[in-house]
Novice: 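Handing you this structure, nothing more for now.
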Amino acid sequence: MDRIRIKGGAPLHGTIPISGAKNAALPLMTASLLTADTLELLNVPRLADVALLLRILENHGVDHSVAGKRPGHTVETGQAIRLSAASVIDTCAPYELVSRMRASFWVIAPLLARFGEACVSLPGGCAIGTRPVDLLLKALEDMGVVIEIEGGYVKAKAPKGLQGAEIVFPKVTVSGTHVALMAATLANGTTVIENAAREPEIADLAECLNKMGAKVSGAGTSRIVIDGVSRLHGTTHAVMPDRIETGTYAMAVAMTGGDVVLENTRPEILDNAIEVLEQVGVDVKMTNEGLHIHRNGSGLSAVDITTNPFPGFPTDLQAQFMALMTRAKGTSRIRETIFENRFMHVQELARFGAQIRLDGDAAIVDGVESLKGAPVMATDLRASVSLVIAGLAAEGETEIHRVYHLDRGFEALEAKLGRCGAEIERIRAS
Ligand code: UD1
């Protein structure tokens, strides 16, 4: 298995192009099942999760082509993927594929909407809590779907087609909102989703669905209204920038000091996380070139955060922020309210000499003067990049094992950091 080796201590200076968002690309690719026409997606990141979803779609009979690099493109220039679900041959998504990535479960919605049936394995994904699918299934039942669970598979049928419904989510769920939204586009009548997730990736999906002929309004707010249509057509859509990658590199710069421009991204998609970074002592400024992130030599202030659905502080930046707080002046309290088991990075950060203790759903971080490089293990996608951030600032050498977690969500990480002055290399498994 590949490892990443980092020699810490170098401040970051330069530019980092931000890739298309993984969490937008996955539902957008899934939406290709809603039409027999071609859906062309631009700015799709080169990630293991994208490749896996392509395999899953292929298994259903979706034809796809991935445009190679064009002249002038760099390694970080997103891919153009054309997907055509004109001849779907199988509405079953098998365990071997779905168990490796939770978001692949979402194919259940377009399959039901277009074909009236789906058989999808219960999902897997990052080990960050139980992550059930009860709310997704309840939303589909509200739309008239009959569901049976048998042998680890969800067998779902809507013989008379999906019916528009009033769906009220008891808690904010990104997956539930994506599934209800996709299903409702082809339902009979109007669907209203109350307490919908407001994440920008939901609005990106809705924008693409509307270009395909759907009638969606209110995406990005907590009330989404969808008037069902009888068919959708093809379109071209560019995936929005990755806000988690944006926030991660901003925190890396905060950690090491320096001055970096994050290109092809937008500050509003980070919302609360920008205010938090400013309180920590980071200058964040939008210019024509991109998002400028700057921290001079003065230290980091300790700030308390609580993760929340958008526009709150994202759970997907919690581990990175904890790495940052390990070197802040004072004590920071980090509360995780979205996932119950999302502190696996704590014991790995402790290997750098960080002082962190757990208190229920919170981690209390006492900032230390300096971190020391260490061999560490990546445990999940976002936790692994928190170890990169710690390693960039630690004295001496850090080696991160199990980096396949990183490859699921961070495109060309070593190249992007390396060209800003980080001493980072991948050691390929022989
Ligand atoms: C998505 C993101 C993930 C991010 C998360 C929260 C993608 C591909 N993944 O995950 O990176 O960390 O949003 O911002 O976009 N829940 C239930 N029952 C359900 C569904 C969810 O109890 O049926 C719970 C979950 O266990 C969790 C909470 O609701 O505690 C939020 O989950 P959800 O918003 O659905 O997260 P994902 O869509 O899985």
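The first residue of the sequence shown is numbered 1, and numbering continues consecutively from there.
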Novice: For the CD atom on Glu268, are there more than 12 heavy atoms of other groups (residues, nucleotides or ligands in this structure) within a distance under 6.0 Å?
Specialist: yes

Novice: Only one of Asp316, Thr379, Thr307 forms a side-chain hydrogen bond (donor to acceptor under 3.5 Å, both in side chains) with Arg342, so which one is it?
Specialist: Asp316

Novice: Does Asp134 come within less than 4.0 Å of Lys138, counting only side-chain N to carboxylate O?
Specialist: no

Novice: From the options Arg266, Glu263, Met286, Lys285, select the one residue that forms a side-chain contact (heavy atoms from CB on, under 4.5 Å) with Leu291.
Specialist: Met286

Novice: Is any side-chain N of the basic residue among Lys416 and Glu245 closer than 4.0 Å to the acidic one's carboxylate O?
Specialist: yes

Novice: Check Glu411 with Lys22, please: is the shortest side-chain N to carboxylate O separation under 4.0 Å?
Specialist: no

Novice: For the pair Asp380 and Arg408, find out whether any cationic side-chain nitrogen is under 4.0 Å from an anionic carboxylate oxygen.
Specialist: no

Novice: Hey, does Ile226 have a side-chain heavy atom less than 4.5 Å from the side chain of Thr190?
Specialist: no

Novice: Mark yes or no for whether Arg295, through its side chain, and Ala254, through its backbone, hold a donor-acceptor pair below 3.5 Å.
Specialist: yes

Novice: Does Asn210 use its side chain to pair, donor to acceptor, with the backbone of Val216 at less than 3.5 Å?
Specialist: yes

Novice: Is a salt bridge present between Asp359 and Arg333, judged by a nitrogen-to-oxygen distance below 4.0 Å?
Specialist: yes

Novice: State the CG-CG distance between Leu33 and Leu232, to the nearest 0.5 angstrom.
Specialist: 12.0 Å

Novice: Using atom types as modelled and distance alone, determine if a side-chain donor or acceptor of Asp142 lies under 3.5 Å from a backbone N or O of Ala165.
Specialist: no

Novice: Taking the inter-plane angle between the rings of Tyr249 and Phe410 on a 0 to 90° scale, is it parallel (under 30°), tilted (30 to 60°) or perpendicular (over 60°)?
Specialist: perpendicular

Novice: Taking all atoms of both residues into account, what is the closest heavy-atom pair of Ala363 and Ile356, and its distance?
Specialist: CB-CG2, 4.0 Å

Novice: If we only count heavy atoms from C-beta on, is the Val376 to His401 side-chain gap below 4.5 Å?
Specialist: no

Novice: Taking the side chain as C-beta and beyond, is there a heavy-atom pair between Val280 and Met325 under 4.5 Å?
Specialist: yes

Novice: Taking atom CZ of Arg402 as the centre, report whether more than 12 heavy atoms of other residues, nucleotides or ligands fall under 6.0 Å from it.
Specialist: no

Novice: To check you understand the geometry: which heavy-atom pair defines the closest contact between Pro110 and Met182, and what is its length?
Specialist: CD-SD, 4.1 Å

Novice: Picking from Val120, Val133, Thr30, Leu136, what satisfies side-chain contact (heavy atoms from CB on, under 4.5 Å) with Ile108?
Specialist: Val120

Novice: Please round to the nearest 0.5 Å and tell me the distance separating atom OG1 of Thr326 and atom CG of Leu349.
Specialist: 6.5 Å

Novice: For a 4.5 angstrom cut-off between non-hydrogen side-chain atoms, does Glu166 reach Glu194?
Specialist: yes

Novice: Do Pro123 and Val98 come close enough that some side-chain heavy atom pair is under 4.5 Å?
Specialist: yes

Novice: Got Val174 and Asn23 here, is their nearest side-chain heavy-atom distance under 4.5 Å?
Specialist: no

Novice: Do any N or O atoms from the side chain of Ser32 and from the backbone of Met29 form a donor-acceptor pair under 3.5 angstrom?
Specialist: yes

Novice: Pick one: which of Ile334, Ile389, Val365 meets side-chain contact (heavy atoms from CB on, under 4.5 Å) with Phe321?
Specialist: Ile334

Novice: I'd like to know whether His178 forms a side-chain hydrogen bond (donor to acceptor under 3.5 Å, both in side chains) with Glu201, so could you lay out the CA-CA distance, the side-chain angles of the two residues, the decisive distance to 0.1 Å, and finally the verdict.
Specialist: CA-CA 9 Å; His178 274 311; Glu201 293 78 14; over 6 Å; no

Novice: Measure from the side-chain N and O atoms of Asn195 to the backbone N and O of Phe169, and report whether any donor-acceptor pair falls under 3.5 Å.
Specialist: yes

Novice: If you look at every heavy atom in Val145 and Ala156, which pair is closest and at what distance?
Specialist: CG1-CB, 3.8 Å

Novice: Any chance the rings of Tyr95 and Tyr153 have centres within less than 6.0 Å?
Specialist: no

Novice: Say you draw a straight line from CG of Leu39 to CZ of Arg82; how long is it, rounded to the nearest 0.5 Å?
Specialist: 10.0 Å

Novice: Please find the pair of heavy atoms, one from Ile147 and one from Leu137, that lie closest to each other, and give the distance.
Specialist: CD1-O, 3.7 Å

Novice: Hey, does Ile400 have a side-chain heavy atom less than 4.5 Å from the side chain of Arg3?
Specialist: no

Novice: Is it true that a side-chain atom of Glu336 and a backbone atom of Phe339 form a donor plus acceptor pair closer than 3.5 Å?
Specialist: yes

Novice: Any salt bridge linking Glu399 with Arg5? Criterion: basic side-chain nitrogen under 4.0 Å from a carboxylate oxygen.
Specialist: yes

Novice: The test is side-chain contact (heavy atoms from CB on, under 4.5 Å); show your working for Arg382 and His405 and say whether it passes.
Specialist: CA-CA 8 Å; Arg382 310 301 177 186; His405 287 294; over 6 Å; no

Novice: Given side chains that start at C-beta, do those of Ser217 and Ile224 come closer than 4.5 Å, heavy atoms only?
Specialist: no

Novice: Heavy-atom count around Glu148 CD within 6.0 Å, excluding the residue itself: above 12?
Specialist: no

Novice: Could you go step by step and tell me if Arg426 and Asp407 meet the salt bridge (Lys or Arg N to Asp or Glu O under 4.0 Å) rule?
Specialist: CA-CA 12 Å; Arg426 177 177 291 245; Asp407 297 334; 2.7 Å; yes

Novice: Is there a donor-acceptor contact under 3.5 Å linking the side chains of Ser19 and Asp242?
Specialist: no

Novice: Can you tell me how far apart OG1 (Thr185) and CG (Asp227) are? Round to the nearest 0.5 Å.
Specialist: 11.5 Å

Novice: Would you confirm whether Glu40, through its side chain, and Leu42, through its main-chain N or O, come within 3.5 Å as a donor-acceptor pair?
Specialist: no

Novice: Got a second to check how far Leu387's CG is from Ile6's CD1, nearest 0.5 Å?
Specialist: 8.5 Å

Novice: Compute whether any side-chain donor of one residue and acceptor of the other, for His64 and Glu58, lie under 3.5 angstrom apart.
Specialist: yes

Novice: Short question: side chain of Asn43, backbone of Val239 - any donor-acceptor pair under 3.5 Å?
Specialist: yes

Novice: Please assess Thr248 against Gln320 for the test side-chain hydrogen bond (donor to acceptor under 3.5 Å, both in side chains), listing each intermediate value before the final yes or no.
Specialist: CA-CA 6 Å; Thr248 298; Gln320 298 88 316; 3.0 Å; yes

Novice: Is it true that a side-chain atom of Asp2 and a backbone atom of Ala429 form a donor plus acceptor pair closer than 3.5 Å?
Specialist: yes

Novice: Please check this pair: side chain of Thr331 against backbone of Asp366, looking for a donor-acceptor N/O pair closer than 3.5 Å.
Specialist: no

Novice: One pair to check against salt bridge (Lys or Arg N to Asp or Glu O under 4.0 Å): Arg100 and Asp49. What are the steps and the verdict?
Specialist: CA-CA 9 Å; Arg100 291 167 55 190; Asp49 275 9; over 6 Å; no

Novice: For side-chain contact (heavy atoms from CB on, under 4.5 Å), just list the numbers for Leu392 and Thr398, CA-CA rounded to whole Å, side-chain angles, deciding distance to a tenth of an Å, and then say yes or no.
Specialist: CA-CA 8 Å; Leu392 288 173; Thr398 291; over 6 Å; no

Novice: Output, in order, the C-alpha distance, side-chain angles, deciding distance and verdict of side-chain contact (heavy atoms from CB on, under 4.5 Å) for Gln79 and Val50.
Specialist: CA-CA 11 Å; Gln79 329 171 76; Val50 166; 4.2 Å; yes

Novice: Begin with the C-alpha distance, continue with both residues' side-chain angles, and end with the deciding distance and a verdict on side-chain contact (heavy atoms from CB on, under 4.5 Å) for Arg55 and Leu97.
Specialist: CA-CA 8 Å; Arg55 279 185 55 202; Leu97 297 173; 3.6 Å; yes

Novice: CE/Met255 to CZ/Arg327 distance, rounded to the nearest 0.5 angstrom?
Specialist: 6.0 Å

